[in-house]
Amino acid sequence: MSEPRYGIWSPVGSNFGPLNAPDEPIDASYERTRSLVAQEVIPRVQHLQKVA
């Protein structure tokens, strides 16, 4: 049996964006979404992999 695969679902494009966060731009472009995932999610996943 192969290892489980995990993924991240995030809206890209259209008008998805934070409407209640005044410091965040209303931008759901691929580039911004990718940078946010790389900045916030990937380090946390790597930390969990080290702990496990």
Examine distances only and state if a side-chain atom of Ser35 and a backbone atom of Arg32 form a donor-acceptor pair shorter than 3.5 Å.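 Here the side-chain-to-backbone pair exists.
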
Can you name the nearest heavy-atom pair linking Pro43 to Ala38, along with the distance? CD-O, 3.3 Å

Point-to-point distance, once rounded to the nearest 0.5 Å, from CD of Gln39 to CZ of Arg34: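 With rounding to 0.5 Å, CD (Gln39) is 12.5 Å from CZ (Arg34).
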
